[in-house]
Amino acid sequence: MGWRARAPAVLAAAAALWLLAAAAAGDADAGDLERAFPIVEPDYGHTKLRLAKEGLEAIQRIKTPIAAVSVIGPYRSGKSFLLNQLLSLSCDKGFGVGHMRDTKTKGIWVWGTPIEVDIDGSVVSVLYLDTEGFESVGKSNVYDDRIFALATVLSSVLIYNLPETIREADISRLSFAVEIAEEFYGRVKGQDVAFEPAKLLWLIQRDFLQGKSVQQMVDEALQQVPNNNGDKYIDEINQIRDSLAVMGDNSTAFSLPQPHLQRTQLCDLDDQELDPLYLERRDQLKKIVSSMIKPKVVQGRTLNGTEFVSFLGQILEALNKGEIPSTGSLVEVFNKAIVERCLKLYNERMGRAGLPLSMDKLQQFHDLAKDEARSLFDKQHFGKHHAAQSTSKLDEEIKKVFRNFGQANEYQSSKLCEARFSECEDKMEHLQVLKLPSMAKFDAGFLLCNQSFEMDCVGPAKEIYQRRMSKMLARSRALFIKEYNNKLFNWLVIFSLVMVVIGRFVVKFFLLEIAAWVMFAFLETYTRLFWSSESLYYNPVWHVVVSTWETIVYSPILDLDRWAIPILVVLSFLAIYWRCLGGRKGIARSLLPLYNGSYRSSNRPRTD
């Protein structure tokens with residue numbers, strides 16, 4: 001009883017301990033995120049990039065829309081320190097600075113705890129990204145381009161951190177950002193947006209703020225440079241300058257003085273020890289960055305943590321294609337879904353064709369469906385100058401689908417033509433075994449079979465089956481003609497004998513019996529004595545016989561082969577009825593001449 005009384009108290013204590021443990025675990029998880037994580041790191045050759053699992057897991061926990069702020073710039077230009085200042089973090093807690101960063105921490109890093117801000121009434125989680133600096137020792141320019149390109153695509157705000165001034169090399173590095181803006185910027189107002197280009201913030205850190213403003217420095221750096229000698233490199237830089245000038249509405253310039261003369265000791269200094277002007281400008285920079293932040297929009301929708309990681313994987317795969325990262329590979333990634341939609345539309349339109357079809361009609365369906373799919377692609381595709389690869393991909397896929405439809409059309413055509421051919425073959429075999437042979441009926445069946453085949457058999461297999469059909473019909477006709485005359489002769493002989501029996505025993509009509517015997521004798525004797533079996537069928541008399549037979553046996557109104565037995569039954573019944581009743585009523589005596597008795601019953605007197 002004592003144990004049962006204490007049981008509720010024990011359970012309550014256990015539940016309390018479990019809740020405390022869960023809370024402690026949650027605090028531990030939250031505390032574990034208060035640091036920087038790598039999300040992208042270099043491969044072993046330090047030329048391409050790969051995903052880092054640890055940082056991606058931290059991002060995947062985010063459920064709200066994400067915006068990213070990236071800082072790019074030359075190696076050891078103060079990017080990590082700047083990020084710590086924007087996050088109000090010390091060097092010990094924030095991103096590693098200068099020599100404090102382990103040499104293995106390359107690629108792109110993210111602060112594990114996003115900053116939540118309210119944008120247009122929605123909570124947005126802002127990620128701050130630190131990138132590996134340009135022009136460091138032991139790296140290729142291609143690797144730097146991939147880092148720059150990935151930051152450009154992922155970011156909502158791209159802070160270009162430059163010391164002192166703007167060099168031509170700094171402008172050249174923006175070529176990828178310019179290409180991306182040119183390819184995608186024209187569609188940012190549409191519903192189906194690939195992604196909005198990052199807003200560019202020129203941040204010049206210098207020791208002096210007198211003289212030209214930073215905006216003037218940027219404007220002068222973006223002015224055309226004379227190229228009287230036709231230098232190709234200068235032409236490329238001038239093109240980038242022109243594009244950046246057009247993007248003026250999407251970029252901002254800002255200057256920031258040095259925080260202290262002892263730059264190597266910045267992490268050891270408090271805010272009270274930093275230059276007051278720097279602190280003022282730093283706070284202004286925070287406001288400017290906050291005003292520029294917008295949630296990342298991809299394909300017309302914002303991204304949560306899981307979707308952001310998936311998007312990162314797609315971009316990284318595209319940038320790692322080939323030896324050099326290209327805008328074309330990015331365009332291909334974003335056009336992939338559009339190409340699939342166009343292929344789906346093409347399939348739907350081709351599905352309405354109703355196979356089998358002739359090749360000309362199938363080609364017409366293909367042309368119309370292809371034009372409709374290409375029209376949809378032209379309206380929705382991304383990329384002004386690099387969409388050719390996606391266009392080629394669409395054309396190749398359409399060709400593959402069309403080949404599949406062509407094969408399906410051949411199969412359906414063969415299947416249908418084989419069915420019609422088999423029907424005609426069965427029909428011809430049936431006509432060969434007519435009980436009452438009729439050339440007119442055979443010709444009618446022959447014509448009907450040929451017409452139905454020509455009408456129903458369509459598609460690429462028709463030509464092959466037409467040849468088979470012609471051979472089969474010719475063979476069947478020759479066989480029928482060969483048997484026709486022999487069957488007709490035999491039927492006439494049988495008919496004459498039947499008439500003999502009917503005339504003698506059924507109707508007892510002497511003239512009918514005589515005519516039947518004459519017909520039998522003619523068929524069995526005269527034709528065999530005076531006509532050969534070959535000449536018989538070419539004799540005019542035989543033609544008359546054949547014409548008469550055809551008229552009796554088959555006509556559009558009466559097919560005697562089908563109705564012969566019912567008609568024979570009816571005639572037999574009538575003959576028996578007429579014979580039985582007619583004898584009692586004296587009807588038979590009205591017909592001449594009849595077998596009406598024996599010689600013994602005669603009343604004529606005998607003579608000596």
Ignoring hydrogens and angles, tell me if any N or O in the side chain of [X] forms a donor-acceptor pair with the backbone of [Y] under 3.5 Å.
X: Arg35; Y: Gly112; result: no
X: Asp270; Y: Glu273; result: no
X: Asn409; Y: Leu357; result: yes
X: Lys48; Y: Asn320; result: yes
X: Lys296; Y: Val153; result: yes
X: Ser251; Y: Leu200; result: no
X: Glu307; Y: Asn304; result: yes
X: Ser70; Y: Leu158; result: no
X: Arg349; Y: Leu368; result: no
X: Thr113; Y: Leu33; result: yes

Could you walk me through whether Asp219 and Gln223 pass the side chain to side chain donor-acceptor pair (under 3.5 Å) test, one step at a time?
CA-CA 6 Å; Asp219 293 340; Gln223 287 181 358; over 6 Å; no

Partner set under side chain to side chain donor-acceptor pair (under 3.5 Å) for [X], not counting sequence neighbours:
X: Asp371; answer: none
X: Glu220; answer: Lys212
X: Glu116; answer: none

Roughly how far, to the nearest 0.5 Å, is the [atom2] atom of [Y] from the [atom1] atom of [X]?
X: Gln272; Y: Leu279; atom1: CD; atom2: CG; value: 8.5 Å
X: Ile166; Y: Glu168; atom1: CD1; atom2: CD; value: 12.0 Å
X: Phe308; Y: Gln60; atom1: CZ; atom2: CD; value: 11.5 Å
X: Ile315; Y: Leu49; atom1: CD1; atom2: CG; value: 12.5 Å
X: Phe95; Y: Leu87; atom1: CZ; atom2: CG; value: 6.0 Å
X: Asn161; Y: Leu256; atom1: CG; atom2: CG; value: 8.5 Å

If you count every heavy atom of other residues, nucleotides or ligands that lies below 6.0 Å from Lys286 atom NZ, does the total exceed 12?
yes

Taking CZ in Phe37 as the centre, count heavy atoms belonging to other residues, nucleotides or ligands within less than 6.0 Å. Is the count above 12?
yes

Could you go step by step and tell me if Phe81 and Gln205 meet the side-chain contact (heavy atoms from CB on, under 4.5 Å) rule?
CA-CA 12 Å; Phe81 181 79; Gln205 296 194 38; over 6 Å; no

Residue pairs passing the side chain to side chain donor-acceptor pair (under 3.5 Å) test where at least one lies in residues 355-364, sequence neighbours excluded:
Gln363-Asp367

For a 4.5 angstrom cut-off between non-hydrogen side-chain atoms, does [X] reach [Y]?
X: Thr131; Y: Lys79; result: yes
X: Val124; Y: Thr302; result: no
X: Lys287; Y: Asp283; result: no
X: Ile338; Y: Cys342; result: yes
X: Ser290; Y: Val117; result: no
X: Glu348; Y: Arg352; result: no
X: Met350; Y: Val401; result: no
X: Phe405; Y: Asn347; result: yes

Smallest separation among heavy atoms of [X] and [Y], with atom names:
X: Pro42; Y: Gly107; value: CD-N, 4.0 Å
X: Asp170; Y: Thr165; value: OD2-O, 3.9 Å
X: Ala373; Y: Ile398; value: CB-CD1, 4.3 Å
X: Lys93; Y: Trp111; value: O-CH2, 3.0 Å
X: Ser155; Y: Ala198; value: O-CB, 3.3 Å
X: Gly133; Y: Asp144; value: O-OD1, 4.0 Å

Residue set satisfying salt bridge (charged side-chain N to carboxylate O under 4.0 Å, His left out) with Lys393, at least two apart, ordered chain then number -> Glu397

Once salt bridge (charged side-chain N to carboxylate O under 4.0 Å, His left out) is applied, do any residues pair with Asp271, and if so which ones, sequence neighbours excluded?
Arg282

Give a yes/no verdict on a cation-pi contact between Arg374 and Tyr346, requiring under 6.0 Å between NZ or CZ and the six-membered ring centre and an angle within 45° of the axis.
no

Dump the intermediate steps for side-chain contact (heavy atoms from CB on, under 4.5 Å) on Leu86 and Ile159, then the final yes or no.
CA-CA 12 Å; Leu86 293 177; Ile159 302 176; 4.0 Å; yes

Are Leu154 and Leu127 close enough, and set up right, to give a side-chain contact (heavy atoms from CB on, under 4.5 Å), and what steps lead you there?
CA-CA 10 Å; Leu154 292 178; Leu127 298 176; over 6 Å; no

Stepwise, does the side chain to side chain donor-acceptor pair (under 3.5 Å) test hold for Asp275 with Gln258?
CA-CA 8 Å; Asp275 188 337; Gln258 294 298 333; over 6 Å; no

Just one of Ile147, Asp130, Ile72 clears the side chain to side chain contact (heavy atoms under 4.5 Å, CB included) bar with Ile108, so which one?
Ile147

Fit a plane to each ring of Trp202 and Tyr160, take the angle between them on a 0 to 90° scale, and name the class: parallel (under 30°), tilted (30 to 60°) or perpendicular (over 60°).
tilted

If you apply the rule side-chain contact (heavy atoms from CB on, under 4.5 Å), what do you find for Val40 with Leu312, and how did you get there?
CA-CA 9 Å; Val40 173; Leu312 170 60; 4.1 Å; yes

Among Tyr75, Tyr143, Phe148, which one satisfies ring-ring contact (aromatic ring centres under 6.0 Å, His included) with Phe134?
Phe148

